Structure formats: C-alpha cells, structure tokens
Amino acid sequence: GGTAVTITGTNFTGATAVSIGGVAATNVTVASATSITAATGAHAAGAVNVAVTTPGGTGTGLGLYTYVAPPAAPTVTGITPSSGGTAGGTAVTISGTNFTGATAVSIGGVAATSVAIVNSTTITAITPAHAAGVVNVSVTTPGGTGSGLGLFTYVAPPVPSVLGITPSSGSTAGGTAVTITGANFT
C-alpha cells in the first residue's frame, strides 16, 4: 500500500469514494472529470478492481491494478574463505539467496569493497579492515537485510619471533652486516 496512482475515466466530478481492491484509497484528489489521484491501501498480491463512487453511482474497472508482493529478504549462508587478515583485502565469495539488486554488503559491520553481484545466490567482494575476531556477514537488498552470524573470522597477523643473529657481536663503531633469523617477519 501507499503507492501513488492516477485513475483515468469519465464523470469523476463530485466523486465521494475510491476503492482499490475493495480497500478505501487515501489522499484522494479529483483532478478533473477524467482524472483522480490517490494512494493505495494495503492489500494481498494480485490483480484487483478499481471503483469510483459519485452521486451518479459507482463505476468499476475490472482488474485494473495489480498489487505486487515485495521481494524476499536475502539470506546469507556462507563465505569463502571464512577467514582473513585484520588489514582486510581478502577476496571473498558470499553465498545465499535473493541477492538480486543488492545495495550493500558488510563484513563485521563495515562496508565491503569491490562488491559484484554475480547472480541471485553469489556475491564477490573484498573484506575491509577490522579488529581480530568472529564477525557477521550482511547483504542488503530492496527486500531487506539478511545476515549470516559468525561466518567470517578476522585473524591478527602473527607476532614476529627472533631466534638468532649472525655474527653475534660487532664493532662499537657500527657497520657490521648481520643476518637475523626467526619467524613471521613478513
């Protein structure tokens, strides 16, 4: 409901009621003897009749207006890979349903970048930066927002570990070339 419509016909002067699908229209304005503007009321999906009542009687147009069901909300069921670094930049594929017309994708509440809607069940994107931890993945469409809870894990980079230095001593003047060994330097 709430859709603005223009009804055309004849002999609308003095119209006292307008119904669409048997529901009284709102914001009714008789613009002329041949035109009425109004807003639809809520109604189930399907084709309905439009009726205009004037002092001369009620005229009905059969099946002139069609109520359309709103699109279904998306569901988010998975993300591959399911983890990535806190710096972001991980290319991911999000799976689910009803992704057509997606307007936003967020991972951990932060907008993803390079979002591409592949089809109604697949979206590709790049993760944003985020603190370490398990986060939700959300997709917003005209039908609403769907979230997959705890689907992606941001992993902090490992702490470097220094295991040795060769040579283990050098001149106080500096300038000694050294090799440092360990793990997680990159």
Side-chain angles (χ1 to χ4, degrees), residues 1-7 18-28 37-50 63-163 180-186:
T3 303
V5 296
T6 300
I7 303 164
V18 174
S19 69
I20 302 171
V23 177
T26 59
N27 300 327
V28 175
T37 59
T40 62
H43 194 281
V48 298
N49 300 338
V50 176
L64 292 182
Y65 186 79
T66 302
Y67 281 93
V68 179
T75 59
V76 179
T77 57
I79 185 169
T80 305
S82 61
S83 65
T86 55
T90 302
V92 294
T93 300
I94 301 165
S95 56
T97 62
N98 303 317
F99 290 165
T100 302
T103 56
V105 173
S106 67
I107 301 172
V110 181
T113 58
S114 301
V115 174
I117 296 103
V118 176
N119 56 43
S120 66
T121 62
T122 306
I123 292 175
T124 60
I126 304 295
T127 61
H130 194 282
V134 176
V135 298
N136 300 337
V137 178
S138 298
V139 174
T140 300
T141 69
T145 299
S147 295
L149 305 180
L151 293 182
F152 191 79
T153 302
Y154 278 98
V155 180
V159 175
S161 171
V162 177
L163 301 175
I180 301 170
T181 58
N184 304 319
F185 290 164
T186 56

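For the numbers below, each heavy atom of this structure counts, side chains included, while hydrogens, waters and symmetry mates do not. Keep in mind that this is a model prediction, so the values were computed, not measured.
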Can you name the closest pair of heavy atoms from [X] and [Y] and give their distance?
| X | Y | answer |
| --- | --- | --- |
| Val139 | Ala102 | CG1-CB, 4.0 Å |
| Ala129 | Ala87 | CB-O, 3.6 Å |
| Ala38 | Val28 | CB-CG2, 3.9 Å |
| Ala112 | Pro128 | CA-CD, 4.1 Å |
| Gly108 | Val135 | CA-CB, 3.4 Å |
| Pro142 | Thr100 | CD-O, 4.3 Å |

Option from Ile126, Ile123, Ile94 for which side-chain contact (heavy atoms from CB on, under 4.5 Å) with Val115 holds: Ile123

What distance do [X] atom [atom1] and [Y] atom [atom2] have between them, rounded to the nearest 0.5 Å?
| X | Y | atom1 | atom2 | result |
| --- | --- | --- | --- | --- |
| Leu163 | Ile180 | CG | CD1 | 11.0 Å |
| Ile79 | Thr127 | CD1 | OG1 | 7.5 Å |
| Phe99 | Asn119 | CZ | CG | 9.0 Å |

Heavy-atom check, side chain of Ile107 versus side chain of Tyr154, under 4.5 Å: yes

Side chain proximity check, Asn98 to Ser120, heavy atoms < 4.5 angstrom: no

Between Thr140 and Thr103, a side-chain donor and acceptor under 3.5 Å: no

Side-chain donor or acceptor of Ser95 paired with backbone N/O of Thr122 under 3.5 Å: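 A pair under 3.5 Å: no.
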
N/O donor-acceptor pair under 3.5 Å between Asn49 side chain and Gly63 backbone: yes

Qualifying side chain to side chain donor-acceptor pair (under 3.5 Å) pairs with a residue from residues 77-91, counting only residues at least two apart or across chains: none

Set of residues satisfying side chain to side chain contact (heavy atoms under 4.5 Å, CB included) with respect to Ser147, sequence neighbours excluded: Ser138, Thr145, Leu149

Under the ring pair (Phe, Tyr, Trp, His ring centres under 6.0 Å) test, residues paired with Tyr65 that sit two or more places apart: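 Only Tyr67 meet the ring pair (Phe, Tyr, Trp, His ring centres under 6.0 Å) criterion with Tyr65.
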
